[in-house]
Amino acid sequence: VIDSLLNYLIPIVDPSGNEYKIQRICGNYWFRENLKVTSFNDGTSITRIPSDASALWAQYGIDGSAAYMEYEDGSTGDTYGYLYNWWCVDPSSGKNIAPEGWHVATLEEYESMQSCVSIDTSTLDDRLAPYFREFGYEHWPELLPIANQQLSTDKYLFTALPGGYIGTDGIGRLIGFSGNFWTSTFEGAPFNQPRLMQISGQGPPNFELSYGQPAQGYSIRCVKDSSI
């Protein structure tokens, strides 16, 4: 019990000095906030691409080099965190972007959480988004008068935010409408693509495990190395 309490009371701090709230969900401790670190946990800096430098972002994608971007410089990072390309996450690089004792969530960890919550709520796997989205309409869009819309409850305190994403062309898209999160899992043939988790804000309330392009930029959530 004491160890569990300490996990909540002691701030989780990244190498850039940012502090993060955490929450235990289905046996794992998760960040409740999107990552906004500017270096790997060994102190190696990650290149920041200005939000108006789309061609530079695209070039880093061509080169296969780690980089991140704020959706809109100076106005979105504090709330939504930063958007990172795959080379910030790739475990084969030998670098870890997560704080010491933490790691970027794997596909298996998202699948486990999806299955656990689906059983707990008797909800289909791909309709779980309302249980994970931040409560209310401060950042997510108000519900549309169409079928299958559900109020966000954030029942499990994952507090997903619609940070959008950066395309391979360096253009930001869908902030306020979609939350997109890298996993540290790369799926081999025939797909040969890294995996990600997506949560939608409009239309059917999708919680989807999908595929991303390495040169795209997505949010990151971290998981504690060992469960308690």
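Numbering starts at 1 and runs along the sequence shown.
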If only atom types and distance count, is the side chain of [X] paired as donor or acceptor with the main-chain N or O of [Y] below 3.5 Å?
X    : Y    : result
S115 : S112 : no
N192 : A189 : yes
D73  : P50  : no
D63  : S65  : no
N85  : A67  : yes
R133 : S200 : yes
W57  : Q216 : no
T79  : T76  : no
R32  : K21  : no
W182 : R195 : no

Are the side chains of [Y] and [X] in contact, using a 4.5 Å heavy-atom criterion?
X    : Y    : value
F31  : Q23  : no
M197 : E208 : no
Y82  : T38  : yes
F132 : V117 : yes
Y68  : I49  : no
L83  : S219 : yes
T121 : K155 : yes
I220 : V89  : yes

Practice prompt. Show your reasoning for whether side-chain contact (heavy atoms from CB on, under 4.5 Å) applies to I97 and V104.
Written response: CA-CA 7 Å; I97 196 172; V104 176; 3.5 Å; yes

Practice prompt. Indicate, with yes or no, if the rings of W30 and Y156 have centres closer together than 6.0 Å.
Written response: no

Worksheet item: Ring centres of F181 and Y218 under 6.0 Å apart?
Response: no

Discussion item. Let's go through D154 and Y131 carefully: what are the C-alpha distance in whole Å and the side-chain angles of both, what is the deciding distance for side-chain hydrogen bond (donor to acceptor under 3.5 Å, both in side chains) to 0.1 Å, and is it a yes or a no?
Written reply: CA-CA 5 Å; D154 198 19; Y131 298 113; over 6 Å; no

Working to the nearest 0.5 Å, report the span between [atom1] of [X] and [atom2] of [Y].
X    : Y    : atom1 : atom2 : value
I22  : I12  : CD1   : CD1   : 5.0 Å
W102 : Y20  : CH2   : OH    : 11.5 Å
N206 : L124 : CG    : CG    : 11.0 Å
T183 : R221 : OG1   : CZ    : 14.5 Å
T185 : Q193 : OG1   : CD    : 13.5 Å
S178 : Q198 : OG    : CD    : 5.5 Å

Closest heavy-atom pair and its distance - [X], [Y]:
X    : Y    : value
F177 : P141 : CD2-CG, 4.0 Å
I199 : A129 : CG2-CB, 3.7 Å
Q114 : L128 : O-CD1, 3.4 Å
A105 : V223 : CB-CG2, 3.7 Å
E134 : S152 : O-CB, 3.4 Å
C26  : M113 : SG-O, 4.4 Å

Practice prompt. Test side-chain contact (heavy atoms from CB on, under 4.5 Å) on E109 and N28 and set out the steps.
Written response: CA-CA 8 Å; E109 285 165 336; N28 284 323; 4.1 Å; yes

Item to complete: Please report the C-alpha distance between Y165 and L174 in whole Å, then the side-chain angles of each, then the deciding distance to 0.1 Å, and finally whether the side-chain contact (heavy atoms from CB on, under 4.5 Å) criterion is met.
Response: CA-CA 7 Å; Y165 73 99; L174 294 179; 3.9 Å; yes

Following the transitive rule for hydrophobic clusters with a side-chain heavy-atom cut-off under 4.5 Å over Ile, Leu, Val, Met, Phe, Trp and Tyr, establish whether [X] and [Y] coincide in one cluster.
X    : Y   : answer
F207 : I25 : yes
L161 : L35 : no
V37  : W86 : yes
I46  : L56 : no
Y60  : F40 : no

Mark yes when over 12 heavy atoms from residues, nucleotides or ligands other than [X] sit less than 6.0 Å from its [atom1]; otherwise mark no.
X    : atom1 : answer
D42  : CG    : yes
E187 : CD    : yes
F135 : CZ    : no

Item to complete: Evaluate the side-chain contact (heavy atoms from CB on, under 4.5 Å) criterion for residues L209 and L107: first the C-alpha distance (whole Å), next the side-chain angles of each, then the deciding distance (0.1 Å), finally the verdict.
Response: CA-CA 8 Å; L209 298 170; L107 176 66; 4.2 Å; yes

Discussion item. Walk me through whether R48 and E70 qualify under salt bridge (charged side-chain N to carboxylate O under 4.0 Å, His left out).
Written reply: CA-CA 8 Å; R48 179 188 180 112; E70 186 175 2; 2.6 Å; yes

Worksheet item: Y80 and Y71: ring-ring contact (aromatic ring centres under 6.0 Å, His included), yes or no, with the steps?
Response: CA-CA 9 Å; Y80 296 103; Y71 192 98; 8.0 Å; no

Worksheet item: Between S45 and S39, does a side-chain hydrogen bond (donor to acceptor under 3.5 Å, both in side chains) hold up when you go through it step by step?
Response: CA-CA 4 Å; S45 295; S39 65; 5.9 Å; no

Item to complete: Evaluate side-chain hydrogen bond (donor to acceptor under 3.5 Å, both in side chains) for H103 paired with N96, printing each intermediate quantity in order.
Response: CA-CA 7 Å; H103 60 270; N96 185 6; over 6 Å; no

Worksheet item: With sequence neighbours left out, which residue pairs that include part of residues 63-96 fulfil the disulfide bond (SG atoms under 2.5 Å apart) condition?
Response: none

Worksheet entry | Derivation of the side-chain hydrogen bond (donor to acceptor under 3.5 Å, both in side chains) call for K95 and T44 | CA-CA 9 Å; K95 300 286 188 181; T44 304; 3.0 Å; yes

